[in-house]
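Remember, it's a predicted structure, so these values are computed and weren't measured experimentally. We name chains A, B, ... by the order of the sequence lines, and we start the count at 1 in each one.
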Protein chains: 2
Amino acid sequence: MTRNTAEITPTQLQAYFAFTEVSSLLRHAVEKQLRDAGDLSYVQFQLLATLGDSPDGRLRMTDLADRVVYSRSGLTYQAQVLEARGLVTRGSSPDDERSVVVALTPAGRDVLGAVFPGHIDALHRLLFASLTDADIADLARVLQRAADHLRADPPRSAAPRRRKA
Amino acid sequence: MTRNTAEITPTQLQAYFAFTEVSSLLRHAVEKQLRDAGDLSYVQFQLLATLGDSPDGRLRMTDLADRVVYSRSGLTYQAQVLEARGLVTRGSSPDDERSVVVALTPAGRDVLGAVFPGHIDALHRLLFASLTDADIADLARVLQRAADHLRADPPRSAAPRRRKA
DNA sequence: TATTGTTATACTCTATAACTATA
DNA sequence: TATAGTTATAGAGTATAACAATA
(Lines give C-alpha, C1' and ligand atoms only; values in the text may rest on other atoms or scores of the structure.)
Protein backbone atom coordinates (compact mmCIF):
# COMPACT_ATOMS: atom_id res chain seq x y z
CA MET A 1 0.00 0.00 0.00
CA THR A 2 2.97 2.31 0.51
CA ARG A 3 5.59 2.83 -2.10
CA ASN A 4 8.08 0.06 -2.32
CA THR A 5 11.16 1.58 -0.78
CA ALA A 6 12.63 -1.77 0.14
CA GLU A 7 15.09 -2.81 -2.50
CA ILE A 8 16.75 -6.16 -2.82
CA THR A 9 18.45 -7.78 -5.76
CA PRO A 10 17.45 -11.20 -7.04
CA THR A 11 20.81 -12.60 -6.02
CA GLN A 12 20.45 -11.23 -2.52
CA LEU A 13 16.99 -12.70 -2.27
CA GLN A 14 18.23 -16.04 -3.48
CA ALA A 15 21.06 -16.00 -0.98
CA TYR A 16 18.69 -15.16 1.85
CA PHE A 17 16.06 -17.73 0.95
CA ALA A 18 18.66 -20.44 0.52
CA PHE A 19 20.23 -19.46 3.80
CA THR A 20 16.97 -19.71 5.73
CA GLU A 21 16.09 -22.98 4.08
CA VAL A 22 19.43 -24.56 4.88
CA SER A 23 19.25 -23.15 8.37
CA SER A 24 15.80 -24.58 9.03
CA LEU A 25 16.39 -28.01 7.59
CA LEU A 26 19.85 -28.38 9.09
CA ARG A 27 18.73 -27.27 12.50
CA HIS A 28 15.76 -29.57 12.44
CA ALA A 29 17.94 -32.54 11.66
CA VAL A 30 20.60 -31.56 14.16
CA GLU A 31 18.05 -31.10 16.91
CA LYS A 32 16.82 -34.60 16.36
CA GLN A 33 20.33 -36.00 16.43
CA LEU A 34 21.17 -34.18 19.65
CA ARG A 35 17.97 -35.34 21.26
CA ASP A 36 18.56 -38.94 20.25
CA ALA A 37 22.26 -39.11 21.01
CA GLY A 38 22.45 -37.11 24.20
CA ASP A 39 18.98 -35.97 25.22
CA LEU A 40 20.06 -32.40 24.65
CA SER A 41 18.13 -29.50 23.21
CA TYR A 42 19.94 -27.35 20.70
CA VAL A 43 20.45 -24.57 23.22
CA GLN A 44 21.75 -26.98 25.82
CA PHE A 45 24.25 -28.30 23.32
CA GLN A 46 25.31 -24.77 22.47
CA LEU A 47 25.86 -24.03 26.13
CA LEU A 48 27.93 -27.15 26.73
CA ALA A 49 29.88 -26.65 23.53
CA THR A 50 30.56 -23.01 24.37
CA LEU A 51 31.90 -24.04 27.75
CA GLY A 52 33.94 -26.76 26.09
CA ASP A 53 35.46 -24.21 23.74
CA SER A 54 36.42 -22.00 26.64
CA PRO A 55 40.07 -22.35 27.76
CA ASP A 56 39.33 -23.92 31.13
CA GLY A 57 35.76 -25.01 30.52
CA ARG A 58 34.28 -22.28 32.66
CA LEU A 59 32.49 -19.02 32.02
CA ARG A 60 30.51 -16.45 33.94
CA MET A 61 26.76 -16.60 33.58
CA THR A 62 26.53 -13.26 31.81
CA ASP A 63 29.30 -14.08 29.36
CA LEU A 64 27.70 -17.39 28.60
CA ALA A 65 24.32 -15.73 28.13
CA ASP A 66 25.80 -13.17 25.77
CA ARG A 67 27.49 -15.77 23.59
CA VAL A 68 24.42 -17.90 23.18
CA VAL A 69 22.10 -14.91 22.69
CA TYR A 70 20.04 -15.45 25.73
CA SER A 71 18.23 -13.66 28.48
CA ARG A 72 19.86 -14.12 31.84
CA SER A 73 16.78 -15.65 33.39
CA GLY A 74 16.57 -18.07 30.51
CA LEU A 75 20.14 -19.09 31.12
CA THR A 76 19.47 -19.53 34.81
CA TYR A 77 16.76 -21.99 33.88
CA GLN A 78 18.96 -23.96 31.52
CA ALA A 79 21.88 -23.88 33.94
CA GLN A 80 19.65 -25.40 36.59
CA VAL A 81 18.56 -28.13 34.22
CA LEU A 82 22.15 -28.92 33.22
CA GLU A 83 23.33 -28.77 36.83
CA ALA A 84 20.57 -31.14 37.90
CA ARG A 85 21.84 -33.56 35.27
CA GLY A 86 25.37 -33.16 36.57
CA LEU A 87 26.70 -31.75 33.31
CA VAL A 88 27.82 -28.43 34.77
CA THR A 89 28.50 -26.95 38.18
CA ARG A 90 27.87 -23.45 39.39
CA GLY A 91 30.10 -21.74 41.88
CA SER A 92 30.82 -18.25 42.99
CA SER A 93 33.80 -16.41 41.59
CA PRO A 94 36.72 -15.52 43.83
CA ASP A 95 37.19 -12.24 41.96
CA ASP A 96 33.67 -10.96 42.15
CA GLU A 97 31.22 -12.19 44.73
CA ARG A 98 28.33 -11.29 42.47
CA SER A 99 29.41 -13.55 39.66
CA VAL A 100 28.54 -17.18 39.18
CA VAL A 101 30.96 -19.33 37.26
CA VAL A 102 29.57 -22.21 35.26
CA ALA A 103 31.96 -25.08 34.73
CA LEU A 104 31.72 -28.14 32.51
CA THR A 105 31.97 -31.39 34.50
CA PRO A 106 33.57 -34.60 33.24
CA ALA A 107 30.05 -35.93 32.76
CA GLY A 108 29.34 -32.87 30.66
CA ARG A 109 32.38 -33.56 28.53
CA ASP A 110 31.26 -37.15 28.17
CA VAL A 111 27.92 -36.04 26.82
CA LEU A 112 29.64 -33.74 24.38
CA GLY A 113 31.84 -36.62 23.35
CA ALA A 114 28.83 -38.85 22.90
CA VAL A 115 27.10 -36.32 20.74
CA PHE A 116 29.93 -34.99 18.58
CA PRO A 117 30.51 -37.90 16.22
CA GLY A 118 26.88 -38.12 15.19
CA HIS A 119 26.77 -34.37 14.95
CA ILE A 120 29.69 -34.24 12.58
CA ASP A 121 28.33 -37.18 10.69
CA ALA A 122 25.07 -35.33 10.16
CA LEU A 123 26.96 -32.30 8.92
CA HIS A 124 28.76 -34.37 6.32
CA ARG A 125 25.62 -36.08 5.20
CA LEU A 126 23.37 -33.03 5.08
CA LEU A 127 25.66 -30.17 4.24
CA PHE A 128 29.14 -30.99 3.06
CA ALA A 129 28.26 -33.96 0.89
CA SER A 130 26.73 -31.69 -1.73
CA LEU A 131 29.58 -29.17 -1.77
CA THR A 132 33.07 -29.07 -3.21
CA ASP A 133 36.07 -28.05 -1.17
CA ALA A 134 36.05 -24.73 -2.98
CA ASP A 135 32.40 -24.22 -2.10
CA ILE A 136 33.12 -24.87 1.54
CA ALA A 137 36.03 -22.48 1.50
CA ASP A 138 33.82 -19.82 -0.05
CA LEU A 139 31.18 -20.45 2.56
CA ALA A 140 33.69 -20.21 5.38
CA ARG A 141 35.18 -17.00 4.05
CA VAL A 142 31.93 -15.18 3.40
CA LEU A 143 30.11 -16.30 6.49
CA GLN A 144 33.08 -15.56 8.67
CA ARG A 145 32.99 -12.00 7.46
CA ALA A 146 29.26 -11.78 8.04
CA ALA A 147 29.62 -13.24 11.52
CA ASP A 148 32.32 -10.76 12.42
CA HIS A 149 30.10 -7.96 11.30
CA LEU A 150 27.07 -9.22 13.20
CA ARG A 151 29.07 -9.84 16.32
CA ALA A 152 30.29 -6.25 16.34
CA ASP A 153 26.97 -5.07 17.74
CA PRO A 154 25.72 -7.99 19.73
CA PRO A 155 22.48 -8.19 21.67
CA ARG A 156 23.39 -8.31 25.32
CA SER A 157 21.62 -10.49 27.83
CA ALA A 158 20.90 -7.48 29.99
CA ALA A 159 21.46 -4.00 28.70
CA PRO A 160 20.06 -1.21 30.85
CA ARG A 161 21.65 1.13 28.29
CA ARG A 162 23.17 4.26 29.77
CA ARG A 163 21.94 7.25 27.85
CA LYS A 164 21.82 8.15 24.17
CA ALA A 165 18.65 6.11 23.62
CA MET B 1 37.04 -41.80 25.43
CA THR B 2 36.39 -43.63 22.22
CA ARG B 3 38.57 -43.22 19.22
CA ASN B 4 37.91 -40.12 17.29
CA THR B 5 36.17 -41.41 14.20
CA ALA B 6 34.48 -38.12 13.47
CA GLU B 7 36.55 -36.23 10.98
CA ILE B 8 36.10 -32.66 10.00
CA THR B 9 38.50 -30.23 8.40
CA PRO B 10 39.27 -26.84 9.93
CA THR B 11 37.63 -25.11 6.99
CA GLN B 12 34.50 -27.17 7.37
CA LEU B 13 34.42 -26.38 11.05
CA GLN B 14 34.88 -22.72 10.38
CA ALA B 15 32.11 -22.75 7.80
CA TYR B 16 29.77 -24.50 10.20
CA PHE B 17 30.49 -22.29 13.20
CA ALA B 18 30.15 -19.15 11.14
CA PHE B 19 26.93 -20.44 9.68
CA THR B 20 25.39 -21.13 13.07
CA GLU B 21 26.54 -17.81 14.43
CA VAL B 22 25.10 -15.86 11.52
CA SER B 23 21.96 -17.91 11.71
CA SER B 24 21.48 -17.23 15.43
CA LEU B 25 22.23 -13.54 15.37
CA LEU B 26 20.29 -12.89 12.20
CA ARG B 27 17.27 -14.79 13.39
CA HIS B 28 17.31 -13.05 16.73
CA ALA B 29 17.29 -9.64 15.07
CA VAL B 30 14.69 -10.61 12.51
CA GLU B 31 12.39 -12.01 15.16
CA LYS B 32 12.46 -8.72 16.97
CA GLN B 33 11.73 -6.79 13.79
CA LEU B 34 8.80 -9.05 12.92
CA ARG B 35 7.40 -8.74 16.39
CA ASP B 36 7.70 -4.98 16.40
CA ALA B 37 6.49 -4.34 12.86
CA GLY B 38 3.70 -6.87 12.59
CA ASP B 39 3.31 -8.74 15.89
CA LEU B 40 4.34 -11.91 14.12
CA SER B 41 6.49 -14.74 15.34
CA TYR B 42 9.09 -16.06 12.95
CA VAL B 43 7.05 -19.14 12.18
CA GLN B 44 3.94 -17.08 11.58
CA PHE B 45 5.86 -14.93 9.15
CA GLN B 46 7.17 -18.01 7.41
CA LEU B 47 3.65 -19.34 7.05
CA LEU B 48 2.27 -16.09 5.65
CA ALA B 49 5.23 -15.64 3.35
CA THR B 50 4.95 -19.20 2.10
CA LEU B 51 1.32 -18.63 1.30
CA GLY B 52 2.21 -15.34 -0.37
CA ASP B 53 4.74 -17.11 -2.54
CA SER B 54 2.19 -19.64 -3.63
CA PRO B 55 0.57 -18.91 -7.02
CA ASP B 56 -2.89 -18.15 -5.70
CA GLY B 57 -2.04 -17.59 -2.06
CA ARG B 58 -3.48 -20.88 -0.93
CA LEU B 59 -2.05 -24.22 0.16
CA ARG B 60 -3.24 -27.41 1.80
CA MET B 61 -2.44 -27.83 5.47
CA THR B 62 -0.10 -30.74 4.90
CA ASP B 63 1.79 -29.01 2.11
CA LEU B 64 2.17 -25.92 4.24
CA ALA B 65 3.35 -27.98 7.19
CA ASP B 66 5.90 -29.75 5.03
CA ARG B 67 7.37 -26.53 3.67
CA VAL B 68 7.78 -24.93 7.04
CA VAL B 69 9.07 -28.11 8.68
CA TYR B 70 6.26 -28.50 11.08
CA SER B 71 4.14 -31.05 12.81
CA ARG B 72 0.57 -31.01 11.59
CA SER B 73 -0.83 -30.37 15.03
CA GLY B 74 1.55 -27.48 15.44
CA LEU B 75 0.34 -26.03 12.18
CA THR B 76 -3.27 -26.44 13.24
CA TYR B 77 -2.46 -24.33 16.29
CA GLN B 78 -0.78 -21.57 14.27
CA ALA B 79 -3.47 -21.66 11.60
CA GLN B 80 -6.07 -21.07 14.31
CA VAL B 81 -4.10 -18.13 15.67
CA LEU B 82 -3.69 -16.59 12.22
CA GLU B 83 -7.33 -17.23 11.35
CA ALA B 84 -8.46 -15.58 14.58
CA ARG B 85 -6.48 -12.53 13.54
CA GLY B 86 -8.10 -12.59 10.13
CA LEU B 87 -4.83 -13.11 8.28
CA VAL B 88 -5.81 -16.44 6.71
CA THR B 89 -8.98 -18.40 6.08
CA ARG B 90 -9.46 -22.12 6.17
CA GLY B 91 -11.87 -23.90 3.88
CA SER B 92 -12.43 -27.39 2.62
CA SER B 93 -11.09 -28.41 -0.73
CA PRO B 94 -13.48 -29.23 -3.56
CA ASP B 95 -11.13 -31.96 -4.80
CA ASP B 96 -10.61 -33.82 -1.57
CA GLU B 97 -13.06 -33.55 1.28
CA ARG B 98 -10.33 -34.44 3.75
CA SER B 99 -8.14 -31.51 2.86
CA VAL B 100 -8.23 -28.05 4.34
CA VAL B 101 -7.04 -25.20 2.19
CA VAL B 102 -5.42 -22.25 3.91
CA ALA B 103 -5.69 -18.96 2.04
CA LEU B 104 -4.05 -15.63 2.66
CA THR B 105 -6.57 -12.82 3.18
CA PRO B 106 -6.10 -9.19 2.07
CA ALA B 107 -5.41 -8.40 5.73
CA GLY B 108 -2.75 -11.07 5.67
CA ARG B 109 -1.16 -9.49 2.63
CA ASP B 110 -1.30 -6.13 4.34
CA VAL B 111 0.62 -7.50 7.30
CA LEU B 112 3.21 -8.98 4.96
CA GLY B 113 3.46 -5.62 3.24
CA ALA B 114 3.87 -3.86 6.55
CA VAL B 115 6.64 -6.20 7.60
CA PHE B 116 8.63 -6.61 4.40
CA PRO B 117 10.37 -3.22 4.16
CA GLY B 118 11.78 -3.42 7.67
CA HIS B 119 12.67 -7.01 7.07
CA ILE B 120 14.67 -6.22 3.97
CA ASP B 121 16.18 -3.22 5.68
CA ALA B 122 17.41 -5.45 8.48
CA LEU B 123 18.92 -7.84 5.97
CA HIS B 124 20.89 -5.05 4.37
CA ARG B 125 22.08 -3.71 7.66
CA LEU B 126 22.96 -7.01 9.30
CA LEU B 127 24.01 -9.24 6.45
CA PHE B 128 24.62 -7.62 3.09
CA ALA B 129 26.34 -4.49 4.35
CA SER B 130 29.46 -6.45 5.19
CA LEU B 131 29.62 -8.40 1.92
CA THR B 132 30.65 -7.62 -1.63
CA ASP B 133 28.47 -8.47 -4.60
CA ALA B 134 30.82 -11.34 -5.35
CA ASP B 135 30.48 -12.62 -1.80
CA ILE B 136 26.72 -12.56 -2.07
CA ALA B 137 26.84 -14.36 -5.39
CA ASP B 138 29.07 -17.03 -3.86
CA LEU B 139 26.72 -17.38 -0.95
CA ALA B 140 23.70 -17.71 -3.21
CA ARG B 141 25.39 -20.30 -5.39
CA VAL B 142 26.71 -22.51 -2.62
CA LEU B 143 23.70 -22.31 -0.35
CA GLN B 144 21.35 -22.93 -3.23
CA ARG B 145 23.17 -26.15 -3.92
CA ALA B 146 23.05 -27.12 -0.26
CA ALA B 147 19.37 -26.29 -0.04
CA ASP B 148 18.59 -28.41 -3.09
CA HIS B 149 20.42 -31.29 -1.51
CA LEU B 150 18.70 -30.94 1.83
CA ARG B 151 15.30 -30.58 0.24
CA ALA B 152 15.73 -33.84 -1.62
CA ASP B 153 14.97 -35.85 1.51
CA PRO B 154 12.70 -33.59 3.50
CA PRO B 155 11.20 -34.34 6.89
CA ARG B 156 7.50 -34.73 6.36
CA SER B 157 4.88 -33.43 8.76
CA ALA B 158 3.41 -36.87 9.04
CA ALA B 159 5.17 -39.81 7.54
CA PRO B 160 3.92 -43.26 8.50
CA ARG B 161 6.51 -44.46 5.98
CA ARG B 162 5.40 -47.36 3.86
CA ARG B 163 8.06 -50.02 4.03
CA LYS B 164 11.79 -50.06 3.42
CA ALA B 165 12.52 -48.61 6.88
C1' DT C 1 -6.13 -49.55 5.01
C1' DA C 2 -4.03 -44.98 4.26
C1' DT C 3 -4.38 -40.10 4.50
C1' DT C 4 -6.03 -35.50 6.26
C1' DG C 5 -6.73 -32.75 9.94
C1' DT C 6 -8.19 -31.68 14.83
C1' DT C 7 -8.18 -32.18 19.79
C1' DA C 8 -6.47 -33.14 24.31
C1' DT C 9 -2.62 -32.95 26.79
C1' DA C 10 1.73 -32.34 28.67
C1' DC C 11 5.94 -30.26 28.47
C1' DT C 12 9.78 -27.20 27.10
C1' DC C 13 11.27 -22.94 26.55
C1' DT C 14 11.56 -17.92 26.88
C1' DA C 15 11.25 -13.36 28.54
C1' DT C 16 9.64 -9.52 31.83
C1' DA C 17 9.48 -7.69 36.23
C1' DA C 18 10.54 -7.76 40.94
C1' DC C 19 13.93 -8.91 44.12
C1' DT C 20 18.58 -9.76 46.62
C1' DA C 21 23.30 -9.02 46.99
C1' DT C 22 27.69 -7.22 45.79
C1' DA C 23 30.91 -3.38 43.50
C1' DT D 1 23.91 3.85 41.40
C1' DA D 2 25.16 -0.05 38.48
C1' DT D 3 25.87 -4.85 37.82
C1' DA D 4 25.18 -10.16 38.58
C1' DG D 5 22.06 -13.45 39.23
C1' DT D 6 17.62 -15.70 40.82
C1' DT D 7 12.70 -16.24 41.31
C1' DA D 8 7.97 -15.85 40.20
C1' DT D 9 5.11 -15.86 36.65
C1' DA D 10 2.84 -16.02 32.55
C1' DG D 11 2.56 -16.94 27.88
C1' DA D 12 3.96 -18.98 23.46
C1' DG D 13 5.11 -22.78 21.06
C1' DT D 14 5.75 -27.74 20.08
C1' DA D 15 4.94 -32.53 19.64
C1' DT D 16 2.63 -37.18 20.69
C1' DA D 17 -1.25 -39.89 20.85
C1' DA D 18 -6.00 -40.61 20.21
C1' DC D 19 -9.65 -39.50 17.40
C1' DA D 20 -13.06 -38.61 13.32
C1' DA D 21 -13.75 -38.38 8.55
C1' DT D 22 -12.77 -39.19 3.81
C1' DA D 23 -10.23 -41.82 -0.21
Quiz item: Roughly how far, to the nearest 0.5 Å, is CD1 of Ile120(B) from CZ of Phe128(B)?
Solution: 9.5 Å

Quiz item: Do the ring planes of Phe19(A) and Phe19(B) sit parallel (below 30°), tilted (30 to 60°) or perpendicular (above 60°)?
Solution: tilted

Quiz item: Which residue pairs satisfy the salt bridge (charged side-chain N to carboxylate O under 4.0 Å, His left out) criterion with at least one member in residues 43-54 of chain B, sequence neighbours excluded?
Solution: none

Exercise. Mark yes or no for whether Asp138(B), through its side chain, and Asp135(B), through its backbone, hold a donor-acceptor pair below 3.5 Å.
Key: no

Practice problem: Please list, chain by chain and in numerical order, all residues satisfying salt bridge (charged side-chain N to carboxylate O under 4.0 Å, His left out) with Asp133(A), sequence neighbours excluded. | Solution: none

Quiz item: Counting only N and O atoms by type, is there a donor-acceptor contact under 3.5 Å from the side chain of Gln33(A) to the main-chain atoms of Val115(A)?
Solution: yes

Quiz prompt | Value in whole Å for how far the C1' atom of dT22(C) lies from CE of Met61(A) | solution = 16 Å

Exercise. Taking only heavy atoms on the protein side, list every residue of residues 29-58 of chain A lying under 4.0 Å from any atom of DNA chain D, sorted numerically.
Key: none

Exercise. List for me each residue that meets side chain to side chain contact (heavy atoms under 4.5 Å, CB included) alongside Gln44(B), sequence neighbours excluded, and say none if there are none.
Key: Leu40(B), Ser41(B), Gln78(B), Val81(B), Leu82(B), Arg85(B)

Exercise. Would you mind reading off the distance between His28(B) atom NE2 and dC13(C) atom P, rounded to a whole angstrom?
Key: 16 Å

Practice problem: Could you tell me whether Thr76(A) contacts a base, only the sugar-phosphate backbone, or nothing, with contacts defined as non-hydrogen atoms closer than 4.0 Å? | Solution: base

Practice problem: Mark up nucleotides 16-23 of chain D, 5' to 3', with B wherever a protein heavy atom is under 4.0 angstrom from a base atom, S wherever such an atom reaches only the sugar-phosphate, and - elsewhere. | Solution: B-----BS

Quiz item: What is the distance, rounded to the nearest whole Å, between atom OH of Tyr77(B) and atom C1' of dC11(C)?
Solution: 14 Å

Practice problem: Among Ile, Leu, Val, Met, Phe, Trp and Tyr joined by side-chain contacts under 4.5 Å, find the other residues sharing a cluster with Val101(A) and list them by chain and number. | Solution: none

Quiz item: Start at the 5' end of DNA chain D and walk down; is the nucleotide closest to Gln80(A) or to Ser99(A) reached first?
Solution: Ser99(A)

Practice problem: May I have the distance from Leu59(B) (atom CG) to dG5(C) (atom P), rounded to whole angstrom? | Solution: 11 Å

Practice problem: Could you tell me the separation between the CD atom of Gln78(A) and the P atom of dA15(C), rounded to a whole number of Å? | Solution: 10 Å

Quiz item: Just how far, in rounded Å, is C1' of dG5(D) from CZ of Arg60(A)?
Solution: 10 Å

Quiz item: Between the main-chain N or O of His119(A) and the side-chain N or O of His124(A), is there a donor-acceptor pair closer than 3.5 Å?
Solution: no

